[in-house]
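All remarks here apply to the structure that follows.
Residue numbers begin at 1 in each chain, while the letters A, B, ... track the order of the sequences.
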Amino acid sequence: MTGRVPSIACIGVIGKHNNPLHISLFPAEERAPLEFQFLLSSCLDIFEARLPHKTADQDFGLLQAVDERLAMYGWLTNTGVKLVIVVDMEGRLATERDSKTSTAVGLRDADLKPAFKALQTAYIMLLRNPFYSPDEHSPLVANQEQRVGSTQITSKKFIQEVKRIGEAWAPGVMNI
Amino acid sequence: MNTVGNGAPGLGAAEDVSRQTHSYAGVMDGSSSSKVTVEYHDPSGLFPLVHEQLAARFPLRNLHWKSPNRPLRSIDSLHVDLVPSKDSVHIAGVTSPGLVPPEGPSGASSPAPTSTEIIRPPAKERRHQIPGLRQTPYLKIYLLRCDDSDTYKSAARKQLREWVKTNTPPSQSSSSSSTQENHDAFEWMILHVVIPDTSAASQPRGSTTSSTTTGEKEKSNSTSRWARGTSTILEKIRADFNVSSKSAPDRVAQIRLQKDAVPPHMLPTAGSVTSPPLTESPQEQERVWNEIIAKFKTLILTTFGLRVSQYEEDLREKESQRALPGWNFCTFFILKEGLARGFESVGLVEDALLGYDELSIGLDTIVRDQASDGSQTQGGIILSYSDDLYEKTSKLLKRSQSGNGARKEPQPQIHDAKPINSQKKNYRDLILSNNISAFDFRCYIFARQMTLLLRLGNARSARSDLAAKLQPRPNARMMQRSVDDVAVGTKSSPSTNDTEDLLSLAELCSRALNFITFAGRLLRDDLLNGAKEHELEFPNPLIENLVRSWIYAAIQQIIDETATSSLPISKTLKDAASGSSGKMLSFGSHVEEQKLSFAEPKTMIHPSRSSSLNYGRSASAEPPYAAPTTSGQVVYENGQYQDRPTLGHESALPKAKSGVQELAGTRAQLYIVQRRILESAGKALGWTIGWAAVLLSVRENEQLSEVDLDGTGSGEDEEPTKDKPPALSPTLGLSAAALVDAVSSLDQFRQFYEVLSDLIVKHYRAAGQSKSEESVLGDLAALKFELGDFAAAAMYFGRRENMYVDHRWNFVEATMLRMHSQCLKKLNRKDEYVRTLLDLLAKSTASRKSLRTKSPRISLSESSTVWFNDDNVNTTGLFTELITFSEQLPKDRTVPMTKYFDDIHIEPYVRHFDNKDGFQLRLQFRHVLEDEIEIRQAKVHLVSADPAQGKEIWLETSEPLHLKKGLYRTWLHSNINTTGPYMVDRILLEANRIIFLHEPFIKAEAITPLGITTSVSAASLKAAKKARILCFPRMEALQTRLYLSHYIHIDRRRSVDIELLSGWNEIKRAEVRLRAASAGLRLRTGDATATSGEIKIQDTPSPGVFSIVDMSADSNATFQIPYELETILPELTIKVEVEYFTENGQFQYHSSFTIPIELPLDVNVHDHFKNDSLYSKFNIKTSSNMPLEILDVGLDGSEEFDVFGPRRAQKSIMVFPKQPVSVTYKITKKSASLAMRRKSQAPSGGSLALSVEYRCMNEDILERVRELFASAVENSPVHRLARLLIATFADRLEHRVLPHQFEKIALLDKVDLGSFDDIGWSDCIDSLPHIIREDTQTWLRKWHEAHRAIILPSTPDLKLPIPGTAPPSSRPPRQIVITVSIPQTHILHTASLTLKPSEHSSLSASTTIAVAGQPVMTELSIKHTRRWGSPDTFIKAAGLSSPEDAIEFVYSIEANPEYWLVAGQRRAHFTAKEDEQRTFPILLVPLNPGYILLPNVEIRARIPPKPEQQRQGGGTGGDDDVEGEQLNCETDYLSNGECIMVVPDMRSATVGIGDMGRAGSTIWLESESRV
């Protein structure tokens, strides 16, 4: 039996006010959206709990191991946007190119760093878009304007970038 | 006991393990030790004597260890383990067989184990190549009994020397450079025990012990002093054995025993006492002991320092060899672990932990290298599987396959209740033999870490209490269990629990979480690899189950270990797991209680329903939050507080202790993993739970008509049996007891799930992690839902302050809403059900909208595959359900339309019907949801943009709408016929009981905190203007006009005229409603009359209303309605509403009129009385700068008076502000009826009516221009818009032509209209539909081109109508009738001064010539008449008794004394009666020649002075009569203005003229006088 290697199961971008900005599931058809939403929302507590002890570092590392397969890793941007990656430790079948180290040793926080950096870059690119107004994606504003519906990001480019990151990441991949 | 550590744990290993861990005697690997070993050599059997004293001073306190390359470490307390040396054992056994040392604090009840421990020799051990295995003594003590100096010299010294020689630590032997030895480095010390009553006891201690604290000082002091000779034994020993080096520690100490502490046989014979014993005070004893302890500390630390540096050196060496071939990690590991253990043994647990952490990372590296290289290059082999695991598993598999009978026997298990245990296997041996699997290796490391962390967590308590050394683990429950085994435990948990370091426990939990989940994977790999190695294959479910079971058990172990009294919830675990009743208080917070009280009334409505759903559960399992549905709130509270008094403390506790939150949080995470294991175990059995189950059922059965209320039913139970492979039980391999229980049945499964969730919730709550708590609560609610406990589920789902709602977790929210709605439906809470459905639909709509508008690029299909669209909510069928269900609602429910429909819009252009009055508007909206629904009616409410015209209009659809997804346009009808700008106030869609409401213009009056209403922003005003709907009727529609009546009689009630034009309507019946909109205006509709037309007023049913019937088309009728005003108003505002019925139904007409009522003209009268007639001059002016055209003026005679006027003018006369018109009339009394009139109608006198026919130029001009325009429009292609255009035109014109311009217009008969742009059509045109906008504008432009100026001829030119000529108004001119009262005067004197012709004066007809200086005879004649006055007033005024009485008058002649000399009676009294004529001769002498006016005559009545003041008055006019009128006395002086020519008194003159040109040559010769 060939081994399985970790892959990203879910990427969540969560706004400053703990509102979901974007959630991608990999592969989407196999993941129960609700389950991951609950996971993402509950990991916000961990962000909050650890925030007082954090200084400059944005990498929150492993937030929580959910079970023997899923583990959540977190990253906080300066603007309070939280990036969460849920890794499925047995996410996909190993190929020849995959190193076997991670199965034996597990993931280190550093393994996720490239993915987080790429995500942050993607988010920054999104913010650079003059047609993207972060205010439109704040629940506070939405509540004020009595808008219904979610505050998620609908930029196609961003979504595709997230998708690309989610699929490109593997342990040991340094450039995404 | 000693053997336990080697054996593989058997089936019942739990007890053994626990015993093993708690028996501190496991010296061999010392895993649990936190103490140092001190070996004593006791040849004299003295140890029992000193043991008590020593033990009382242990553990050692406050050790400060400073090593060269580390920071200063403080060891708070260090336990010392006193062990006899090998040779001393038997000595002790021989010499003191019956000597039982007094028991320490461990208690006298169980002496046996304690004593055996003490006497038991250290385990023999094989010297291994790898150091670090042994717990060798740190310090060796020689207990010396030397009773006197002689003995010392003879025997003791030698013994000591021998002992020292054998035990000299290698470090101190200079030759030993072998670092190897330092692993077991130790120090030695000689303790001289002085038995009382011996000579040694009598020796003084000397001043050496006085105040010194450190060994070095003492030593230096003592050596110098005792060098002199007579020394005590102690001094001798010191001299002999202490090294004289300064740095060397003092190794000699002495204690003196009290006599009573020594058993008699130990005492020397009484006679041997040579000197009196030296008694020591207790303080002194204490000091001595402290000294000894200080030496202990110093020496132990020295040893420790030596050992550590030795280890570090070794490590460095090993580390440097890492790259060399043959380097073995396992060896390195053991070495490093030795260091860690060393740290641990002195209580430096953190350092030990650090060591293990480093090792763990080292292992990672090795494993990584091994994995990447694919082969074992270096560092030894870490096996990929564990043999024993494989064996057990295969045994398990075989057994299960062998047949069912075998199942009865206990299954082999790969783990027990405590899978993480460093002593489960002989890990160290395995490591040393390079025969350990990665899984085992890691387990071992973690087990050690766990031990250390647990020790850290409870470190202080462990040391502070001697008893605790027997119970190195802080676990309270474990303690209780250990009571049986170790027979210690009277020290109960409370004291130890207080000192727990919760942060360490939390750290343990979080490490455990990471490790266990990781190890789970390792285990799986292990099993797989093991199978592969043996060319077998384990069935996948088995492996999964094994892994699950292991993880579960491991977590359970951690949870058990970290249970603490500081976190009360942690202690309920055991009970909770057994599923007892009181543990299901998941929602029991105070917030929840409040929610309950809210929900209560609703649930109470249908109590039977909610309770009937509960039968599936046992009564004991009834959660408290379900209680309110059946019982009251109070009962619930009582129940709660009775059952669980600790609950109230929960909130207070987290603050009390730091780390509680962290611990609770990490424990909760552990529970989460457990629960997930449970879920996956359930899934393997085909059971789903929580959201998964609910969503599944929701998806399968939209209506949820069949929620599986009896979830234990056979249906689901059969599933797993079907699925499982024939031979293999699906639960095979599960061995964690709880897990096995849980999967025994679905019921158990669910119950267990609930218990776990409940625990998680509590932990999260204690941790203050609300979001996580929320999500687990959600799970619980889903479970409740699945179980059919809808009340409980609804309770949760119904929370509006839900975090998911606040933070827009749309999908979660929507899912919850869905569940909630179904709960509510089940509970029959209709109102809430509908509300929830509405919320849900709103979400769905919003997402559809945003999809449609925001990003058409993202197609639905794409979004579902690539990323998770949070907005994507499926609500198919719900809309229909909502509409259908809403029938059951007791009342209508209004909801905002924008939430459910998109693109709501009203086209602001009216459309007229082709055959009837009224209009239509088009409503447009988009239905974005999939469901087809039926809208019963759509309505639009319009309000007037002009607030004064507050009439509202409702437009409605005539028939129901069937909506499918897509855009809808529908016409809304109104039967109202009105003109003016309107705004859409509300749009309503009615569907059963649901009313969708949209208000396009919410009153944007932002109210500041001070209550000041700020003005609406310009933008919103603009928007409102754009959406303004200009309503106007069709040209053919009914129309009314209201104006002030053309005929005004100044003294009568005024009235307004209303003109009704039926247009094309065959009106059957109509009701005209007039409402006064001006304050103080009262319309007397009861007195309304029809003034023209054939229509008569049928009825006046109520004030303000009159009705007519049968008005044919194209007819008109005018009605006059009198009105009254309470105050004077410049204008009247009247609202007219006509409700009329035709064959096409009922219609309404609304309009509002504002008409000026101020009279545009002023009339003044001047009267002049004559004896027979009265001349009145009427001055007609404009009152308002507006030119008037006077068409006719007439004064009609009355019965009493005749009027003679001038001839009527042919043409009208213009009255300008500066050019009034005056007309004079002569009025005479009709003499015939004079007497009679006097009697009948005397007081009123006579009054005449002056009637003026006029036109106001402004009215007239505007009207004419309007008419012109109207006729043009009506014949134009834009005639459909005629009403609108005409109304707008009139309005604009009125504003355009300024009042002062009218004068010019009147003079020139021409109006300058200006251009198209000047009029300002843009507003009007903008409100037209686009199609006709262009045409209209073009036409208007053309018209304006042609009509820059309009000629207004006063007379119609019928022959040749010039284009641009407005015909004269067809309207009748206004007529005003002013009553002119004939002025009253009581007495009229007609006076005349006539010259008497004299013979002297030459008389000519034309001119009277008088001679200056010559008197002129005149006669003043005064005629008296009382005709113009009424007799009774006359009586009053003059104070007469009868009208005929004579009145006394005074006349006076006012002559200018320069011209006249009056001779005769200049002033005289006379009396006069009616028609009496008096003459008075007056002689006048003109003084100067020229034309001279005759003197004036004044006549005044002389009222006889009467006693009553009020009677006074009269012509003098001096007094004001208060009561009555003055006596008026007019004088018509006929000679007024008459002149006479006065000439000098000369008839002829003769003048002589001399030389021409010479001065003075003319000479007056003679003159002849006239007379």
Side-chain angles (χ1 to χ4, degrees), chain A residues 1 3 10 14-15 17-20 22-25 28-29 31-46 48-49 62 64-71 89-90 99-106 108 139 142-143 146-152 154-156 159-160 162-163, chain B residues 364 367-368 370-372 438 513-514 517-518 520-521 525 528 532 547 551 661-662 665 669 672-673 676-677 680 691-692 695 764 767 769-772 774-775 778-779 803-804 806-812 815 842-843 845-847 849-850 854-855 857-858 864-871 899:
Chain A
M1 185 176 181
C10 170
I14 294 165
H17 305 286
N18 292 339
N19 52 314
H22 177 78
I23 297 171
S24 279
L25 300 174
E29 56 274 9
R31 311 278 177 195
L34 198 64
E35 179 190 353
F36 280 92
Q37 289 225 319
F38 277 128
L39 284 181
L40 289 179
S41 78
S42 54
C43 81
L44 296 174
D45 274 331
I46 304 172
E48 262 164 40
L62 177 65
Q64 183 185 352
V66 183
D67 56 17
E68 84 263 25
R69 289 183 66 169
L70 299 180
M89 295 305 292
E90 298 169 17
S99 62
K100 290 171 186 166
T101 54
S102 53
T103 36
V105 184
R108 289 173 301 183
N143 286 340
Q146 302 194 317
R147 265 195 279 130
V148 194
S150 77
T151 52
Q152 62 185 356
T154 50
S155 156
K156 193 179 175 188
I159 290 165
Q160 278 182 343
V162 171
K163 184 190 176 205
Chain B
D364 281 355
V367 172
R368 196 181 296 261
Q370 192 175 332
S372 59
L513 183 66
N514 295 345
T517 51
F518 172 53
R521 286 197 302 277
D525 288 347
L528 286 172
K532 203 157 67 179
V547 171
I551 293 176
Q661 292 199 336
E662 284 83 351
Q669 290 176 2
I672 289 268
V673 178
R676 285 185 75 94
I677 294 295
S680 71
W691 283 109
L695 287 182
Y764 271 135
Q769 300 193 352
S770 57
K771 300 181 193 65
S772 314
E774 193 99 30
S775 75
D779 293 341
M803 164 233 166
Y804 299 105
D806 287 351
H807 297 154
R808 307 238 159 195
W809 291 77
N810 215 36
F811 185 78
V812 179
T815 314
K843 297 228 154 298
T845 314
S847 76
K849 277 194 204 173
S850 67
K854 228 187 263 169
S855 50
R857 292 166 293 164
I858 300 171
S864 62
T865 56
V866 174
W867 58 295
F868 171 64
N869 189 349
D870 194 27
D871 254 347
K899 281 189 176 178

(request) Would you mind telling me which of Gly15(A), Ala71(A), Ala65(A) has the largest number of heavy-atom pairs within less than 4.5 Å of chain B? (result) Ala65(A)
(message) Please check this pair: side chain of Ser772(B) against backbone of Ser42(A), looking for a donor-acceptor N/O pair closer than 3.5 Å.
(response) yes
(request) Pick whichever of Val673(B), Ile677(B), Asp779(B) has the most heavy-atom pairs under 4.5 Å with chain A. (result) Val673(B)
(message) Does any backbone or side-chain atom of Ile14(A) lie under 4.5 Å from a heavy atom of chain B? Answer side chain, backbone, both or neither.
(response) side chain
(request) Using side chain to side chain contact (heavy atoms under 4.5 Å, CB included) as the criterion, point out the one residue from Leu39(A), Leu70(A), Leu25(A) that pairs with Cys10(A). (result) Leu25(A)
(message) Can you list everything that forms a ring pair (Phe, Tyr, Trp, His ring centres under 6.0 Å) with Phe36(A)? Sequence neighbours excluded, please.
(response) none
(request) Determine the option with the most heavy-atom pairs under 4.5 angstrom with chain B, choosing from His17(A), Glu48(A), Gln64(A). (result) Gln64(A)
(message) Once salt bridge (charged side-chain N to carboxylate O under 4.0 Å, His left out) is applied, do any residues pair with Arg676(B), and if so which ones, sequence neighbours excluded?
(response) Glu35(A), Asp67(A)
